[in-house]
Amino acid sequence: MITMDDIVRDYHPTLRERSEKIEFPLNEELKNLADEMLEFIINSQNPEIAEEYDLRPGVGLAAPQLNIPKQMMTVHIPSDEEEEPFSLVMVNPRILSHSVKQTALQDGEGCLSIDEVYEGLVPRSKRITVEYYDVDGNKHKERFKGYPAIVIQHEIDHLNGVLFYDHINQDNPFGLSDDLEIFEENL
């Protein structure tokens with residue numbers, strides 16, 4: 001079981017590397033990694049399990065955060081009144097297109113690999129189209145919007161050696177532009 005001790009922290013060199021593409025078929029080690037990453041995210045959102053194992057809650061995890069520079073990421077967003085929950089493992093994801101309109105979480109973003117608080121808006125595309133493979137090697141092309149789009153962009157950034165605070169405007173961290181709308185999320 002993955003715990004917080006397995007997650008590398010800011011300034012670890014792997015977090016700044018561009019991850020390698022994964023070849024198919026996946027070996028058992030990579031399939032197990034995908035399962036364990038998703039299990040960690042789901043467990044981190046369960047208050048009892050999170051407390052027992054001292055897990056910080058998260059909605060996404062990328063392989064580089066485990067010091068594995070491979071293009072694999074997981075996302076688990078719990079349900080709310082408007083959206084169904086979804087769990088996703090993405091292998092070799094790439095953003096094919098994105099909206100000009102941008103969004104940002106009103107309270108900024110956090111990261112399991114970053115212990116320090118970085119305040120400021122993190123502009124993200126409001127809508128994205130992503131091509132990725134599942135663990136069985138099936139190719140998918142999907143559109144995401146709102147919170148899922150924000151989470152997926154955050155995790156894809158990890159695969160490219162980019163951290164969320166790289167997007168914060170250092171001169172005006174909470175500055176709004178005409179094409180940026182605030183997304184309110186209560187996770």
Discussion item. side-chain contact (heavy atoms from CB on, under 4.5 Å), that's the test. Do Phe86 and Val75 meet it? Break it down for me.
Written reply: CA-CA 8 Å; Phe86 78 88; Val75 174; 4.1 Å; yes
Worksheet item: Where do Ile168 and Val122 land on the side-chain contact (heavy atoms from CB on, under 4.5 Å) test, with the steps shown first?
Response: CA-CA 5 Å; Ile168 297 173; Val122 180; 3.8 Å; yes
Item to complete: Walk me through it: do Lys126 and Ser99 pass the test side-chain contact (heavy atoms from CB on, under 4.5 Å)?
Response: CA-CA 6 Å; Lys126 189 173 179 181; Ser99 63; 3.6 Å; yes
Worksheet item: Can you check salt bridge (Lys or Arg N to Asp or Glu O under 4.0 Å) on Asp10 and Arg16, steps first, answer last?
Response: CA-CA 9 Å; Asp10 203 2; Arg16 290 302 191 171; 5.3 Å; no
Discussion item. Walk me through whether Leu105 and Ile150 qualify under side-chain contact (heavy atoms from CB on, under 4.5 Å).
Written reply: CA-CA 8 Å; Leu105 297 177; Ile150 291 170; 3.8 Å; yes
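Within the model, atoms CG of Asn43 and CD of Glu48 stand 11.0 Å from one another, a figure rounded to the nearest 0.5 Å. How far CG of Leu96 is from CZ of Arg143: 11.5 Å, rounded to the nearest 0.5 Å. Note that the OG atom of Ser97 and the CZ atom of Arg127 stand 11.5 Å from one another [nearest 0.5 Å]. Atoms NE2 and CG, on His140 and Leu88 in that order, are 8.0 Å from each other to the nearest 0.5 Å. Note: Leu180 CG to Lys101 NZ = 8.0 Å, rounded to the nearest 0.5 Å. For the atom pair CG of Asn172 and CG of Asn169, the computed distance is 5.5 Å after rounding to the nearest 0.5 Å.
Between Asp136 and Phe24 there is no side-chain heavy-atom pair separated by less than 4.5 Å. Counting heavy atoms from C-beta on, the side chains of Tyr53 and Met1 come closer than 4.5 Å. Counting heavy atoms from C-beta outward, Glu119 and Tyr165 have side chains that stay 4.5 Å or more apart. With contacts defined as side-chain heavy-atom distances shorter than 4.5 Å, the pair Gln65/Cys111 qualifies. Residues His154 and Val151 fail the side-chain proximity criterion, which asks for heavy atoms closer than 4.5 Å. Two residues are said to be in side-chain contact when any heavy atoms from C-beta on lie closer than 4.5 Å; Tyr132 and Glu142 meet this criterion. Using a 4.5 Å cut-off on side-chain heavy atoms (C-beta onward), Val89 and Met37 make no contact. Side-chain contact between Arg9 and Leu15: absent, with no pair of heavy atoms (C-beta onward) separated by less than 4.5 Å.
Using a 4.5 Å cut-off between side-chain heavy atoms of Ile, Leu, Val, Met, Phe, Trp and Tyr, with links allowed through other members, Phe40 and Ile77 fall into different hydrophobic clusters. By the criterion of side-chain heavy atoms lying less than 4.5 angstrom apart, applied directly or through intervening Ile, Leu, Val, Met, Phe, Trp or Tyr residues, Ile42 is not grouped with Tyr147; the two fall into different hydrophobic clusters. When the side chains of ILVMFWY residues are joined at heavy-atom separations under 4.5 Å, either directly or via intervening members, Val8 and Leu33 end up in two distinct hydrophobic clusters. In the hydrophobic clustering of ILVMFWY residues, with side-chain heavy atoms under 4.5 Å counting as a link, Ile22 and Ile156 come out apart. Linking ILVMFWY residues whenever their side-chain heavy atoms come closer than 4.5 Å, directly or via other members, places Met90 and Ile95 in the same cluster.
Across all their heavy atoms, Ala62 and His158 have their closest contact at CB-CB, 3.5 Å. Of all heavy-atom pairs spanning Ile41 and Gly58, the tightest one is CG2-O, 3.6 Å. Taking all atoms of both residues into account, the shortest heavy-atom contact from Glu155 to Thr74 is CG-O, 4.3 Å.
The backbone N or O of Asn138 lies less than 3.5 Å from a partner atom in the side chain of Asp134, making a donor-acceptor pair. Between the side chain of Gln106 and the main chain of Ile182, no donor-acceptor pair closer than 3.5 Å is present. Between the Asn160 side chain and the Val162 main chain, no donor and acceptor come within less than 3.5 Å of each other. Between the side chain of Asn32 and the backbone N or O of Glu29, no donor-acceptor pair lies under 3.5 Å. Under the 3.5 Å distance criterion, the side-chain polar atoms of Gln153 are matched with a main-chain donor or acceptor of Ala149. Panel note: side chain Thr14, backbone Asn67; no donor-acceptor pair is recorded below 3.5 Å. Ser125 places no side-chain N or O within donor-acceptor distance of the main-chain N or O of His98, the cut-off being under 3.5 Å.
By the neighbour-count criterion of 12 heavy atoms within 6.0 Å, atom NE2 of His167 is densely surrounded, having more than that number from other residues, nucleotides or ligands. The number of heavy-atom neighbours closer than 6.0 Å to CD of Glu181, taken from other residues, nucleotides and ligands shown, is above 12. Around the NZ atom of Lys21, the shell of radius 6.0 Å holds no more than 12 heavy atoms that belong to other residues, nucleotides or ligands.
A salt bridge links Arg56 with Asp115: the distance from a Lys NZ or Arg NE/NH1/NH2 to an Asp or Glu carboxylate oxygen falls below 4.0 Å. Look at Lys141 and Glu131 and you find no salt bridge, because none of the NZ, NE, NH1 or NH2 atoms lies under 4.0 Å from a carboxylate O.
Partner of Ser44 under the side-chain contact (heavy atoms from CB on, under 4.5 Å) criterion, out of Leu55, Leu112, Leu61: Leu55 alone. For the pairing with Met73, the side-chain contact (heavy atoms from CB on, under 4.5 Å) check across Ile152, Val91, Asp157, Leu38 returns one residue only, Ile152.
Relative ring orientation between Phe164 and Tyr118 is described as perpendicular, the plane-to-plane angle rising above 60° on a 0-90° scale split at 30° and 60°.
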